[in-house]
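Note: hydrogens, waters and symmetry copies are ignored here, and every other heavy atom, side chains too, is used. Model, not experiment: these values are computed from the prediction.
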Amino acid sequence: MNADPATDVFEEHRPVLTGVAYRMLGRITDAEDVVQEAWLRWSSAGREEVREPRAYLVRITTRLAVDRLRHLRSRREAYVGPWLPEPLTTEEAVGSPPLPDAAERAVLADSVSFAVLVVLESLSPLERAVFVLREAFGFPYAEIAVALDRTEPAVRQLAGRARRHVEERKPRYDVDPAERRDLTERFLAAASGGSIEELMALLAPDVRLVSDAGGKAKAALRTIGTADKVGRFLAAVAQEVGPDWDMRIAEFNGGPAVACFVGGKPDTFLQLEVRDGAIQCIYIVRNPDKLSGLSAPFDL
């Protein structure tokens, strides 16, 4: 325990604040900046009349995240190539303090999946805030209304619109961890072994490959579709893998993923989405600004 009670209270709620900020922004650094700003406001505020510190801190964090997301939107419009979230290790936890059951953990894990975070990018900042607070953390509508300085009917309307949008655009993938792990291992073996036949056998006919390098590394500048095109692209990439490459499978964003290191430095992140025993989507992150978490795990 810290000598300062205010610090103790803030650290108690830091996991949920970080969880909200990451789901709002999709970047670890941005989430940390928002939480740090929330701490500065908390430490300098008069807390005598704060009866519910958790609600108060979530309100501050959410409003800061909404403001930052509005600022980031203009920068992302000029982003080179597809934009993907920053990989987040979820080996130990995916939400706030110990979760009571596997079902709640699954909900929190799904809310940080690449598939969901990519869809959330198309929501307005307010819609995204309502969706995150309601769907991922189960906050009451009345509490969300206070956090966003909106009426409860307006928040319910935002929630309904956001939920419909996500359901319409969110791909339907299997969530069986064992199957995803098995396909990830087989994919890695086929790719590193240069077996194009084995690789093609794992891909769904309408598979998609989305890669994010932000113009700072080699990557496809557009989404690649169909098994033939994706297979040929991966076969070409596999030829560049050398003896100094180290590949490890770990849990990121609620599912197994491949972290690739070259000469001990993080180089590539790869995650698969699976349905009906086949790979439906391949996410690749090569932007060096988004790979620091591969070597310095960030637990959420």
Side-chain angles (χ1 to χ4, degrees), residues 9-28 30-39 41-42 50-69 85-86 88-90 92-121 123-152 154-167 170 175 252-255 298-300:
V9 171
F10 189 87
E11 291 304 319
E12 176 187 351
H13 299 296
R14 181 186 287 273
V16 73
L17 304 182
T18 306
V20 169
Y22 175 78
R23 288 165 175 82
M24 281 289 298
L25 302 168
R27 287 289 308 273
I28 295 171
D30 291 328
E32 290 178 327
D33 288 346
V34 162
V35 173
Q36 179 61 22
E37 178 64 25
W39 157 249
R41 297 195 180 192
W42 166 256
V50 177
R51 287 179 292 182
E52 297 183 13
R54 183 173 184 266
Y56 178 83
L57 289 168
V58 167
R59 180 165 72 246
I60 294 174
T61 301
T62 302
R63 292 181 178 180
L64 289 170
V66 167
D67 289 343
R68 179 168 288 247
L69 185 57
E86 180 175 353
L88 172 75
T89 180
T90 49
E92 295 184 5
V94 292
S96 53
L99 301 172
D101 54 45
E104 185 171 348
R105 179 181 172 84
V107 170
L108 283 164
D110 183 62
S111 70
V112 292
S113 71
F114 267 49
V116 168
L117 291 176
V118 168
V119 174
L120 293 187
E121 279 293 299
L123 299 180
S124 72
L126 284 179
E127 287 173 339
R128 186 164 183 168
V130 172
F131 184 88
V132 168
L133 294 177
R134 180 64 184 174
E135 301 300 322
F137 292 95
F139 282 94
Y141 287 114
E143 198 168 322
I144 298 173
V146 173
L148 297 176
D149 195 22
R150 295 292 190 277
T151 65
E152 187 172 336
V155 165
R156 288 180 179 274
Q157 190 175 46
L158 285 167
R161 191 160 61 233
R163 193 180 302 112
R164 287 192 299 272
H165 185 90
V166 172
E167 288 301 315
K170 177 187 172 184
V175 294
F252 283 84
N253 294 81
F298 181 89
D299 294 326
L300 183 55

field: Leu158 side, atom CG; Leu133 side, atom CG - distance, nearest 0.5 Å
entry: 11.5 Å
- prompt: With sequence neighbours excluded, what pairs up with Phe114 under the ring-ring contact (aromatic ring centres under 6.0 Å, His included) test?
  reply: Phe269, Tyr283
field: Heavy-atom closest pair, residues Leu25 and Ala65
entry: CD2-O, 3.6 Å
message: Check whether Arg134 reaches the backbone of Phe139 with its side chain - one donor and one acceptor, N or O, closer than 3.5 Å.
response: yes
- prompt: Residues two or more places apart in sequence or in another chain: which of them pass side chain to side chain donor-acceptor pair (under 3.5 Å) with His13?
  reply: none
- prompt: Is it true that Glu121 and Arg128 make a salt bridge, defined as a side-chain N closer than 4.0 Å to a carboxylate O?
  reply: yes
message: So which atom in Val116 and which in Ser111 form the shortest heavy-atom distance, rounded to 0.1 Å?
response: CG1-O, 4.1 Å
message: Return the CG to CD1 distance between Asp33 and Ile28, rounded to the nearest 0.5 Å.
response: 12.0 Å
query: Between the main-chain N or O of Gly254 and the side-chain N or O of Thr90, is there a donor-acceptor pair closer than 3.5 Å?
result: yes
message: Applying side-chain contact (heavy atoms from CB on, under 4.5 Å), can you list everything that pairs with Ala159, at least two apart in sequence or on another chain?
response: Val130, Tyr141, Arg163
- prompt: What residues form a salt bridge (charged side-chain N to carboxylate O under 4.0 Å, His left out) with Glu52, not counting sequence neighbours?
  reply: none
- prompt: Heavy atoms, side chains only, cut-off 4.5 Å: are Leu64 and Arg41 in contact?
  reply: yes
- request: Evaluate the side-chain contact (heavy atoms from CB on, under 4.5 Å) criterion for residues Asn253 and Leu117: first the C-alpha distance (whole Å), next the side-chain angles of each, then the deciding distance (0.1 Å), finally the verdict.
  value: CA-CA 10 Å; Asn253 294 81; Leu117 291 176; 3.9 Å; yes
field: From OG1 (Thr62) to CG (Asp149), nearest 0.5 Å
entry: 12.5 Å
task: Flag the pair Leu57 / Val16 as yes when at least one side-chain heavy-atom distance between them is below 4.5 Å, and no otherwise.
output: no
query: To the nearest 0.5 Å, what is the distance between CZ (Phe131) and CE (Met24)?
result: 12.5 Å
Residues which pass side-chain contact (heavy atoms from CB on, under 4.5 Å) with Arg59, listed by chain and number, not counting sequence neighbours: Tyr56, Arg63, Val146, Ala147
- prompt: With Glu143, which residues qualify under salt bridge (charged side-chain N to carboxylate O under 4.0 Å, His left out), at least two apart?
  reply: none
task: Apply side-chain contact (heavy atoms from CB on, under 4.5 Å) to Phe137 and Arg23, showing your working.
output: CA-CA 11 Å; Phe137 292 95; Arg23 288 165 175 82; 3.6 Å; yes
- prompt: With Glu152, which residues qualify under salt bridge (charged side-chain N to carboxylate O under 4.0 Å, His left out), at least two apart?
  reply: Arg156
field: Salt bridge Arg14-Glu11, side-chain N to carboxylate O under 4.0 Å
entry: yes
message: Show, in sequence, the C-alpha distance, side-chain angles and deciding distance for Trp42 and Thr61, and conclude whether the side-chain contact (heavy atoms from CB on, under 4.5 Å) test is met.
response: CA-CA 10 Å; Trp42 166 256; Thr61 301; over 6 Å; no
message: Among residues at least two apart in sequence or on other chains, which ones pass side-chain contact (heavy atoms from CB on, under 4.5 Å) with Gln36?
response: Trp39, Leu40
message: Using every non-hydrogen atom in the two residues, find where Val35 and Ala21 come nearest and quote the distance to one decimal.
response: CG2-CB, 4.4 Å
query: Could you state the interatomic distance from CZ (Arg150) to CD1 (Ile144), rounded to the nearest 0.5 Å?
result: 13.0 Å
